[in-house]
Trainee: 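I have a structure here, written as structure tokens, and I will follow up with some questions on it.
Indexing begins at 1, ligand by ligand and atom by atom, following the structure's order. Residue numbers count from 1 along this sequence.
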Amino acid sequence: MSIDQPIDRQWWKEVTAYQIYPRSFNDSNGDGVGDIPGITEKVGYLDSLGIDLLWLCPVYDSPNADNGYDIRDYQSIMDEFGTIDDWEALLAELHDHDIRLIMDLVVNHTSDEHEWFEQSRRRNSKYEDYYYWRDGPPDEPPNNWGSFMGGSAWTYDERREQWYLHLFDERQPDLNWRNPAVRDDIASMVTWWLEKGIDGFRIDAINYISKPDGLPDGDTELSPTGIDVFGHGPRIHEYLRELYDRTFANYDVVTIAEMAGTTVDMAGDYLGEDGDGLDMIFHFEHMDLDVGPGGRWDTEGWGEWSLAEFKEIMSRWQTELGEDDWNAIYLGNHDQPRIVSRFGDDEAYREESAKLLATFLLTTRGTPFLYQGDEIGMTNTEFTSLDGLDDPMTIGFIEDLIAEGTIDSFEDVRDLVNYMSRDHSRTPMQWFAETNAGFTEGDPWFPIAENYQEINVEAARTGESIWNHYQSLIALRDELEVLVYGEYELYLPDDEQLYTYTRTLGEETVLVVLNWSDEPVTFDVGAIETDDAEPILGNYEESPDNPQGREFRPYETGIYRL
Ligand code: NOJ
């Protein structure tokens with residue numbers, strides 16, 4: 001955006017978003033599972049933090065092979081979570097608090113218990129072609145594609161005597177988007193939710209919906225095998241644009257597409273009216289920084305990342321998106337480790353580094369997405385056995401390695417699991433220091449992290465806490481338009497300790513200094529004139545002063561008006 005360009009203001013660029021994993025947020029009826037009334041009870045809490053957009057992970061009817069990402073019925077609510085009336089009450093309560101609601105749209109696949117799949121299995125003529133079915137001997141899958149959950153992406157169905165495709169768990173068969181009837185049904189279902197007055201969707205795994213003709217074998221060096229051919233397939237833009245024209249375009253809503261493997265150069269074709277109409281993308285470039293060359297579950301080469309590389313990725317997205325295109329800013333979610341354990345220091349500098357991550361999330365250009373528990377600095381937990389895990393992806397990867405003889409047992413990958421498992425972010429929310437962290441009065445479906453007596457919402461709302469820092473940052477972003485719309489400029493790209501950038505809108509410039517390390521560092525950037533710098537917010541007790549020549553303590557941050 002150049003300085004004299006009018007600002008393309010949109011409500012969804014200005015909001016701060018918060019993601020809820022319903023199963024682990026708040027249990028209202030003592031069955032050990034979080035639920036919708038439990039979320040409704042906490043709407044005031046979200047409001048007090050300053051949240052204005054809620055992303056709700058799937059709450060639809062599901063047999064829970066993948067915690068709700070395997071949908072049995074798109075138009076009803078999972079029993080454990082409540083009823084459609086409970087959901088209506090949540091929507092009303094959110095809107096009363098001026099908080100918008102986006103739902104999770106999972107349409108690359110359904111559950112194998114979805115009526116469409118049941119009918120397809122029986123070769124009911126309308127549904128016969130709703131999924132990817134292929135002939136072949138029962139011991140030879142139709143191609144070499146692997147599943148994200150481990151093993152082959154194909155399962156042989158004895159009933160239909162054919163193979164079906166599932167890029168995720170075998171209980172998540174892939175929908176056949178080539179079939180216009182599938183696209184019609186999806187569009188009607190989306191419209192049904194939009195008519196209920198929701199404010200948009202986070203769209204799951206959507207870059208996998210178009211599979212190339214002939215389903216050719218993929219590169220076996222990549223993980224999972226086939227991702228080079230089924231990611232961003234040949235008709236993806238056609239399908240997305242069609243869905244947009246039939247649904248989202250008719251409502252004032254926001255869409256954020258989860259699309260691994262998207263580069264900034266590809267983004268423009270997906271985003272905005274001149275693309276497929278999507279508003280934002282959750283790209284994965286920074287999620288891939290600290291994984292081994294063979295991907296997330298490579299047992300070699302994981303855990304290390306460099307700040308210079310991180311800055312290069314984030315800055316590329318900050319500056320190279322098209323003029324009207326927009327970023328979704330995130331560091332974690334329900335599929336990733338806890339952010340303070342991964343990108344900060346969850347021991348000596350937990351408070352400081354959690355506040356630094358908050359500062360980064362709330363001061364770069366794009367819509368910030370917080371994940372439940374970030375605001376109190378929740379950490380990774382410690383898994384000690386395969387039985388202690390819940391996530392089918394982590395379990396699938398361990399089982400694969402054992403089956404192929406690469407490892408003997410869980411112990412051989414314990415460190416990687418404790419670094420990377422999706423289960424870390426799925427431990428229940430820590431509300432109070434009392435039993436079960438105030439999450440449930442029953443037996444929690446998944447163990448509460450052991451540190452709940454120290455790390456919980458009640459404790460975090462007093463003093464100069466992480467929670468209060470988030471609240472101040474959200475308020476600051478609401479107040480300073482430059483933090484939303486200002487242009488981003490990076491300084492010191494190669495520095496491995498300092499992440500320094502400015503945001504500029506018209507006459508106004510804000511400087512952000514982050515010492516993203518556990519060692520002190522002196523800020524000395526001649527290119528930035530700081531004589532009149534006015535400190536706005538820092539993360540150590542004393543407020544920051546003129547940054548030039550000043551030593552920034554471990555994980556210290558400062559925001560200045562220049
Ligand atoms: C991405 C979701 O975020 C994840 O939790 C899920 O397992 C897969 N897509 C499949 O739906």
Side-chain angles (χ1 to χ4, degrees), residues 17-25 34 55-74 78 102-114 117 131-132 145-151 153 155 164-175 177 186 189 201-209 211 223-224 226-227 230-232 255-262 280-284 286-288 295-297 328 330-339 369-372 389-397 420-427 446:
Y18 186 97
Q19 180 194 352
I20 286 186
Y21 197 66
R23 210 172 186 73
S24 300
F25 190 64
W55 155 22
L56 197 56
C57 282
V59 290
Y60 316 100
D61 176 41
S62 161
N64 279 319
D66 186 20
N67 283 347
Y69 281 92
D70 49 320
I71 297 171
R72 181 163 49 200
D73 180 353
Y74 288 103
M78 193 186 308
I102 60 173
M103 299 289 281
D104 216 308
L105 181 60
V106 187
V107 285
N108 173 68
H109 45 268
T110 66
S111 160
D112 63 342
E113 293 184 25
H114 194 289
F117 192 72
Y131 296 84
Y132 283 93
W145 296 0
S147 148
F148 287 100
M149 305 296 202
T155 290
Y164 68 87
L165 178 67
H166 53 87
L167 296 182
F168 292 89
D169 192 81
E170 69 182 89
R171 304 201 53 196
Q172 294 168 295
D174 278 46
L175 283 164
W177 277 68
I186 290 172
M189 177 273 286
F201 287 102
R202 173 266 188 185
I203 311 179
D204 187 74
I206 201 68
N207 56 306
Y208 303 126
I209 58 176
K211 280 82 176 173
S223 173
I227 194 161
F230 63 66
H232 307 274
T255 51
I256 309 105
E258 185 207 28
M259 298 211 277
T262 308
M280 293 177 246
I281 292 173
F282 285 127
H283 73 80
F284 278 58
H286 55 317
M287 295 292 112
D288 293 337
R296 178 172 188 152
W297 301 111
Y330 78 101
L331 290 171
N333 58 38
H334 66 294
D335 291 333
Q336 301 294 337
R338 292 280 173 186
I339 66 175
F369 283 80
L370 319 183
Y371 180 68
Q372 66 186 41
L389 300 171
D390 174 73
D391 169 31
M393 181 183 278
T394 313
I395 295 170
F397 125 80
M420 214 15 140
S421 177
R422 306 200 299 179
D423 281 325
H424 291 297
S425 51
R426 300 173 179 191
T427 64
F446 202 45

Trainee: Counting only N and O atoms by type, is there a donor-acceptor contact under 3.5 Å from the side chain of Ser425 to the main-chain atoms of His334?
Mentor: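 Here the side-chain-to-backbone pair exists.
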Trainee: Measuring centre to centre across the rings, with the benzene-like ring taken for any Trp, is His286 within less than 6.0 Å of Tyr330?
Mentor: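 Centroid distance His286-Tyr330: below 6.0 Å, so yes.
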Trainee: Answer yes or no: is there a donor N or O on one side and an acceptor on the other, between the side chain of Asp391 and the main chain of Thr394, under 3.5 Å?
Mentor: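 Present.
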Trainee: Sequence neighbours excluded, which residues qualify as side-chain hydrogen bond (donor to acceptor under 3.5 Å, both in side chains) partners of Asn67?
Mentor: Tyr21, Asp390
Trainee: Taking Asp70 for the side chain and Asn64 for the main chain, is one N or O donor matched with an acceptor at less than 3.5 Å?
Mentor: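 Side chain of Asp70 to backbone of Asn64, a donor-acceptor pair under 3.5 Å: yes, one is there.
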Trainee: Quick check: does any side chain N or O of Tyr164 sit under 3.5 Å from a backbone N or O of Glu170, one acting as donor and the other as acceptor?
Mentor: yes
Trainee: Report all protein residues having a heavy-atom distance below 4.0 Å to some atom of ligand 1; order the list by chain, then number.
Mentor: Asp66, Tyr69, His109, Met149, Phe168, Arg202, Asp204, Glu258, His334, Asp335, Arg422, Arg426
